[in-house]
Amino acid sequence: MLAVSYIEENKEEIIKRFQKRQLDVTESINNILTLDSERKNTQQLMDAELAEANSIAKEIGILFKKGNGKEANELKEKAGKLKESSAELKNKLQTIEVKLKELLFHLPNVPQEKVPQGNSELENIEISKHGNIPTFNFAPKPHWDLVKELDLIDFELGVKVSGAGFPFYKGKGAKIQRALINFFLDEAEKAGYEEVITPLLVNEASGIGTGQLPDKDAQMYHVNEDELYLIPTAEVPITNMYRDIILKEDDFPIKNCGYTPCFRREAGSYGKDVRGLNRLHQFDKVEIVQISHPSKSNEALEGMIKHVQGLLEKLNLPYRILLLCGGDLGFASAITYDFEVYSAAQEKWLEVSSVSNFESFQSNRLKLRFKNSEGKSELAHTLNGSALALPRIVAAILENNQTENGIVIPEILRTYTGFEKI
RNA sequence: GGAGAAAUGGCAGAGCGGUUGAAUGCACCAGUCUUGAAAACUGGCAUACCGAGAGGUAUCGGGGGUUCGAAUCCCUCUUUCUCCGCCA
């Protein structure tokens, strides 16, 4: 959520920047500014009436103490009338505030200057490409065939027990999951991220804080009975640890990491790239989160990119980094880099990580602030990234490392798996 | 799940219808003193919104109500604690 004061001060620039998202926000920004000035006017009127009512109430108190009941009763009548009209103003103010919030909630974040304009993923910019795409002297098999032959992952069993998109990992397939989780967590810890184990169900306020609610509620599983949501990413509980908090300047940077399963309904995505591990309702991910001083957040973003790169290089996977164009940029993000790993058998790039700077967009919803050097509270910046999401990494390892006599486990993982080959 | 008690500033803790945005202590910050520090003393020390400012408004777990006036009374929700039950 953008701050109204920010919109007011940077109106033209914001409208221009939203063109990167292919959005014309002129009208909604004008509406926001009009509503906000209405809000101010109404509040001024209401405050004036309340001030008068308050001073009358005080007078009445004094009169009663003096035993001057007659005069006090006259004042009571006056105060009663003031109460009625201020209640009307209060209603009006609430209506305005609801409308204003509605508009602000539906306005996405302002893309950074370097974000390219564009409509869809086709216009994302490839920043760099690393590693070698493997070649085979046999026809490489896609991971869904490999996992079946080797009995590593059982999709049908998942369908029976839960439904599509909820696989069982078995034997060495399960071990690889655990190995990757531990490897990712160890690397994050080395990079200065403190590990947390979070709740997997969160309340509505948390969903609003990080921007999943009120708009994308169709993407989250909802436990109606208890008004809780299953987390779509550890970003939600980790970032919400800092909701309603005022930090000190020397608390920065705050770095947390956490492994969680992630639950996504993936409503409306049927039929597209959903085979095997490519798209699941439940998957595992290690997430890294930073709370940063506004002046340092882009630097922090660079650090997170380096960290993810390090993981992919240690796993020896060919990957590329994309700078997302405005049209493909997430609702809450000001700038996002995607990491894609090459899948040899599917002959395509699979997204395995998304690293974003949300600037103050989430902080404003979260009321996550810090006292700046002048002693004033200012919104902090939030960032997060996947480091990494498991399923497509597993897919790429299986597919890229297959040989005629088995799948070779990346060297770095062998101390975690305890085996070198499947 | 049942019965009871409670929720006040960074923390502890008063207040239980009327100059209470809130005593007091601790913590913290600044000043005096000191070569420096400690101690002592003096002052400051919540958040948001409105206002150029003076200042105003709201907030004592959340929401609603009674009243001219609510931290204080009522309703409701949430959370915590104690006891009982259940349970990895």
Side-chain angles (χ1 to χ4, degrees), chain A residues 1-9 32-105 197-209 213-214 223-229 237 240-252 254 360 362-380:
Chain A
M1 185 167 74
L2 299 173
V4 178
S5 57
Y6 174 77
I7 295 175
E8 204 161 21
E9 284 158 28
I32 285 168
L33 294 178
T34 310
L35 267 178
D36 190 58
S37 75
E38 248 180 81
R39 194 199 101 239
K40 286 180 188 174
N41 289 337
T42 311
Q43 199 189 45
Q44 273 174 38
L45 290 174
M46 186 184 78
D47 282 357
E49 292 202 355
L50 286 175
E52 202 184 337
N54 282 346
S55 84
I56 290 176
K58 263 181 200 170
E59 260 179 78
I60 293 174
I62 292 164
L63 287 172
F64 269 126
K65 261 189 183 166
K66 285 184 188 159
N68 199 340
K70 215 178 199 179
E71 244 177 273
N73 282 323
E74 278 167 31
L75 279 177
K76 267 195 198 179
E77 216 171 289
K78 196 174 166 193
K81 278 182 190 152
L82 269 175
K83 199 196 166 188
E84 269 174 49
S85 60
S86 73
E88 259 172 58
L89 285 169
K90 192 184 171 191
N91 279 337
K92 190 179 167 193
L93 187 65
Q94 272 169 351
T95 313
I96 291 170
E97 277 172 350
V98 167
K99 273 194 212 160
L100 186 60
K101 226 172 191 180
E102 178 82 6
L103 285 173
L104 286 169
F105 269 151
I197 295 180
T198 72
L200 304 181
L201 283 83
V202 295
N203 57 26
E204 190 188 20
S206 295
I208 289 172
L213 295 173
V223 184
N224 289 298
E225 192 83 348
D226 299 292
E227 272 306 314
L228 292 169
Y229 295 84
N240 272 283
M241 297 196 313
Y242 304 98
R243 171 151 53 83
D244 278 320
I245 275 188
I246 299 176
L247 298 163
K248 293 193 281 296
E249 220 162 13
D250 54 10
D251 289 333
F252 295 122
I254 291 174
S360 59
Q362 290 183 327
S363 311
N364 193 33
R365 292 176 166 223
L366 292 161
K367 304 233 180 315
L368 163 51
R369 292 160 296 183
F370 69 99
K371 286 265 184 233
N372 66 20
S373 45
E374 285 141 40
K376 287 199 171 152
S377 40
E378 198 180 318
L379 293 170

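Per chain, numbering begins at 1; letters A, B, ... match sequence-line order. In what follows, every heavy atom counts, from backbone to side chain, and hydrogens, waters and symmetry copies are set aside.
Note that CG of Asp226(A) and CG of Asn203(A) are 12.0 Å apart. Values are rounded to the nearest 0.5 Å.
Between Glu227(A) atom CD and U78(B) atom C1' the separation is 14 Å, expressed in whole Å. Atoms CD1 (Ile96(A)) and C1' (C49(B)) sit 14 Å apart, rounded to a whole Å. Rounded to an integer number of Å, the gap from CG of Asp244(A) to C1' of G9(B) is 16 Å. Atom CG in Asn41(A) sits about 19 Å away from atom P in U57(B), given to the nearest Å. Remark: P of G64(B) and CG of Asn91(A) are 11 Å apart, rounded to the nearest angstrom. Atom CE in Met46(A) sits about 14 Å away from atom P in G51(B), given to the nearest Å. For Glu378(A) and A48(B), the CD to P distance is 12 Å, given to the nearest whole Å. Spacing between atom CD of Glu52(A) and atom P of G56(B) amounts to 14 Å, rounded to whole angstrom units.
The side chain of Ala51(A) has G56(B) as its nearest neighbour among G56(B), C49(B), G64(B). With distances taken from any side-chain atom of Asp47(A) to the nucleotides G51(B), G56(B), G64(B), the minimum falls on G56(B).
The shortest heavy-atom contact between Asn364(A) and Ala3(A) is ND2-N, 3.6 Å. Listed here is the closest heavy atom pair of Ser206(A) and Arg243(A): OG-NH2, 2.9 Å.
With sequence neighbours excluded, the residues satisfying salt bridge (Lys or Arg N to Asp or Glu O under 4.0 Å) with Arg39(A) are Asp36(A).
The same atom, P, is picked in C29(B) and in G15(B); the two are 31 Å apart, to the nearest Å. Straight-line distance between the C1' atoms of G43(B) and A48(B): roughly 26 Å, to the nearest whole Å. The same atom, C1', is picked in G69(B) and in U79(B); the two are 30 Å apart, to the nearest Å. For C74(B) and U67(B), the P atoms lie 16 Å apart once the distance is rounded to whole Å. Nucleotides G61(B) and A12(B) are separated by 14 Å at their P atoms, to the nearest Å. Atom P of G64(B) sits at a distance of 25 Å from the matching atom of G56(B), rounded to the whole Å. For A58(B) and U72(B), the P atoms lie 15 Å apart once the distance is rounded to whole Å. Between G51(B) and C45(B), the two C1' atoms lie 24 Å apart (nearest whole Å).
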Hey, can you pull the donor-acceptor pairs under 3.5 Å for the side chains in residues 91-102 of chain A, sequence neighbours left out?
from	atom 1	to	atom 2	distance (Å)
Thr95(A)	OG1	Asn91(A)	O	2.8

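Between the side chain of Glu49(A) and the main chain of Ser86(A), a donor-acceptor pair closer than 3.5 Å is present. Between the side chain of Asp251(A) and the backbone N or O of Lys248(A), at least one donor-acceptor pair lies under 3.5 Å.
Pairing partner, C68(B): G18(B), with both Watson-Crick or wobble hydrogen-bond distances short of 3.5 Å. Shown here, A88(B) forms no base pair; nothing in the strands shown gives a Watson-Crick or G-U wobble contact with both key distances under 3.5 Å. The base-pairing partner of U78(B), taking Watson-Crick or G-U wobble contacts with both distances under 3.5 Å, is A7(B). Here C83(B) sits opposite G2(B) as a Watson-Crick or G-U wobble pair (both hydrogen-bonding atom distances under 3.5 Å). Taking a pair to require two hydrogen-bonding distances under 3.5 Å in either a Watson-Crick or a G-U wobble arrangement, C33(B) remains unpaired. In this structure, A48(B) forms a base pair with U57(B), meeting either the Watson-Crick or the G-U wobble geometry with both donor-acceptor distances under 3.5 Å. Of the nucleotides present, A12(B) is the one that pairs with U24(B) by Watson-Crick or G-U wobble criteria, both distances under 3.5 Å.
Within the 4.0 angstrom heavy-atom criterion, only backbone atoms of the sugar-phosphate kind lie near Ile246(A); the bases stay farther away.
No side-chain heavy atom of Val202(A) sits under 4.5 Å from any side-chain heavy atom of Asn240(A). Side-chain atoms of Leu247(A) and Leu368(A), non-hydrogen and from C-beta on, do get closer than 4.5 Å to each other.
Closest-nucleotide positions on RNA chain B for Gln94(A) and Ser55(A) were compared, and the one nearer the 5' end corresponds to Ser55(A). Along RNA chain B, the nucleotide nearest to Ile62(A) and the one nearest to Ser377(A) differ in position, and the one closer to the 5' end is contacted by Ile62(A).
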Q) What string of B, S and - do you get for nucleotides 65-71 of chain B 5' to 3' if you count protein non-hydrogen atoms under 4.0 Å? A) --BBS--
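Arg39(A) has no side-chain polar atom (N or O) that falls below the 4.0 Å cut-off from OP1 or OP2 of C49(B).
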